[in-house]
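This report concerns only the one structure given below.
Every value quoted in this text rests on a predicted model; they were computed, and no experiment measured them. The chains referred to below are lettered A, B, ... by the order of the sequence lines, with proteins before strands, and numbering in each begins at 1. These values consider heavy atoms only, across backbone and side chains, with no hydrogens, waters or symmetry-generated copies.
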There are 2 protein chains.
Amino acid sequence: MAVVPARDRILQTAFALFYARGIRAVGVDLIIAESGVAKATFYKHFPAKDELVLAYLDKVDTIWSGQLRDAARAAGDAPGEQLVGMFDALASACRREGYRGCAFINAAAESVPGTAVHQRTVAHKESVRTWVADLADQAGAADPAGLARTLTLLLDGGLADGALSADPRVAEDARATARLLVAAATA
Amino acid sequence: MAVVPARDRILQTAFALFYARGIRAVGVDLIIAESGVAKATFYKHFPAKDELVLAYLDKVDTIWSGQLRDAARAAGDAPGEQLVGMFDALASACRREGYRGCAFINAAAESVPGTAVHQRTVAHKESVRTWVADLADQAGAADPAGLARTLTLLLDGGLADGALSADPRVAEDARATARLLVAAATA
DNA sequence: TTGATGGTAGACAGATCTGTCTGCTAACGT
DNA sequence: ACGTTAGCAGACAGATCTGTCTACCATCAA
């Protein structure tokens with residue numbers, strides 16, 4: 001057995017390639033070659049490409065949700081501050097070399113509504129929004145769900161625009177607007 | 001010659017299929033079959049698929065920019081009102097049957113940075129932002145470029161989230177936030 | 001020792017995709 | 001009358017993509 005199990009190597013390779021080039025643009029043959037795995041091994045772990053895509057999205061969800069929570073926590077204990085602080089994760093993401101937008105929005109762009117991949121995207125966005133709504137509630141917002149909708153709207157806009165513009169002020173704008181909204185909603 | 005020229009039929013068919021299913025997911029054979037055109041005719045007008053994709057993006061740009069301007073104008077003569085009014089185009093778009101997000105963001109998700117398709121997306125977003133900045137300037141904003149960045153951020157967030165959530169309040173939230181921002185920036 | 005487990009290597013089938021090429025037809029302008 | 005232009009129909013080549021299958025190898029536990 002290799003130092004790192006075949007399944008992990010496949011998923012790691014797929015993670016990098018899917019994000020960098022898009023899901024449909026990357027064939028399983030390439031993933032197999034890059035991860036140095038046999039074809040039979042690949043299909044043993046992922047009976048169909050779609051299952052690998054789903055595993056990829058799960059991995060992204062774990063990572064991104066973690067970064068969001070870390071950034072929020074780093075802003076202090078006050079829920080209102082955390083709502084603003086999570087936008088630091090956006091700024092970090094956009095600064096990253098090879099940043100190419102939100103993996104979920106990208107995946108949704110490549111899939112038809114109703115498919116498992118598309119549904120996974122919707123579920124991810126909803127889970128983030130639920131977490132934000134919880135924070136908004138703790139912050140004493142008059143309409144936590146509404147504030148959460150608006151803040152995630154801002155977050156997704158930053159995620160999308162960050163890929164289309166090299167301007168780092170985009171993330172700053174999103175953060176500043178978030179601060180304004182949080183202040184207005186918890187006044 | 002048919003009632004509607006072959007080139008128009010091809011472009012019209014591509015427009016519907018590319019938007020509904022994604023660019024890579026639609027093969028030229030399908031477009032040829034659906035538009036009832038001969039293969040040679042297709043390649044005469046569009047020597048490569050990428051050129052059709054570019055023509056598709058140009059068509060989307062014309063339509064969407066027009067809707068944005070129409071919505072802005074419908075809000076009255078005051079530039080500040082127009083900045084808020086353009087978000088009505090977002091609400092209309094999200095309500096439309098078969099809405100699947102921003103064609104440009106989707107196209108960018110399927111293309112690698114640096115390619116012609118990706119550059120066209122960046123150019124579109126920039127042209128919209130420039131138009132918004134002009135309006136912001138007329139509205140007497142202290143920082144027109146900054147306000148334009150934030151408003152387009154909001155617009156793109158609404159475009160992206162509208163495809164991932166059936167909630168019509170998303171567009172309303174974007175509009176309300178825009179009103180808040182415009183008021184704050186032109187105070 | 002033997003059998004289960006997890007892996008490698010790579011041929012193969014069948015579908016699909018882009019792009020080329022040949023031939024035929026009909027309308028239009030000069 | 002005739003050449004040009006626009007179009008239709010469809011075979012074909014060559015690449016690529018997903019997924020299956022056979023054969024072989026190494027490790028480890030019972």
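Closest approach to the B:Val28 side chain among C:dT8, D:dG10, C:dT18 is made by C:dT18 (side chain taken as heavy atoms from C-beta onward). When the nucleotides C:dT18, C:dA9, D:dC8 are ranked by their closest atom to the side chain of B:Ala38, D:dC8 comes out on top. For A:Lys44, the side-chain atoms get nearest to C:dG6 when compared with the rest of C:dT20, C:dC21, C:dG6.
Across the protein-nucleic acid pair, A:Tyr43 atom OH and D:dC17 atom C1' stand 8 Å apart, rounded to whole Å. Atom-to-atom, CD1 of B:Ile32 to C1' of C:dT20 comes out at 12 Å; the value is rounded to the nearest Å. When the P atom of D:dC12 is taken as reference, atom CG of B:Asp29 falls 15 Å away, rounded to whole Å. When rounded to the nearest whole Å, the span between CG of B:Leu30 and C1' of C:dG19 equals 17 Å. The distance from atom CD1 of A:Ile23 to atom P of D:dT18 is 12 Å, rounded to the nearest whole Å. In this structure, B:Arg7 atom CZ and D:dT5 atom P are separated by 18 Å, rounded to whole Å. Note: NZ (A:Lys39) to P (D:dA23) measures 18 Å, nearest angstrom. Here D:dG7 presents its P atom at 14 Å from CZ of B:Phe42, a figure rounded to the nearest Å.
Heavy atoms of B:Ala40 sit under 4.0 angstrom from at least one base atom.
A salt bridge is defined here as a Lys NZ or Arg NE, NH1 or NH2 lying under 4.0 Å from an Asp or Glu carboxylate O, and A:Asp161 with B:Arg149 fails to meet this definition. Under the 4.0 Å criterion applied to side-chain N and carboxylate O atoms, A:Arg120 and A:Asp58 are assigned as salt-bridge partners. B:Arg179 and B:Glu81 are joined by a salt bridge, as a carboxylate oxygen and a charged side-chain nitrogen come within less than 4.0 angstrom of each other.
The phosphate of C:dT18 has OP1 or OP2 within less than 4.0 Å of a side-chain N or O from B:Lys49. Look at A:Thr41 and you won't find any side-chain N or O under 4.0 angstrom from OP1 or OP2 of C:dG6. Between B:Arg24 and C:dT18, a side-chain N or O to OP1/OP2 separation shorter than 4.0 Å is absent. OP1 or OP2 of D:dA6 has not a single side-chain nitrogen or oxygen of B:His45 nearer than 4.0 Å.
Put simply, the side chain of B:Arg175 never gets that close to the backbone of B:Gly85: no donor and acceptor are under 3.5 Å apart.
A donor and an acceptor atom, one from each side chain of B:Glu110 and B:Asn106, are nowhere located under 3.5 Å apart.
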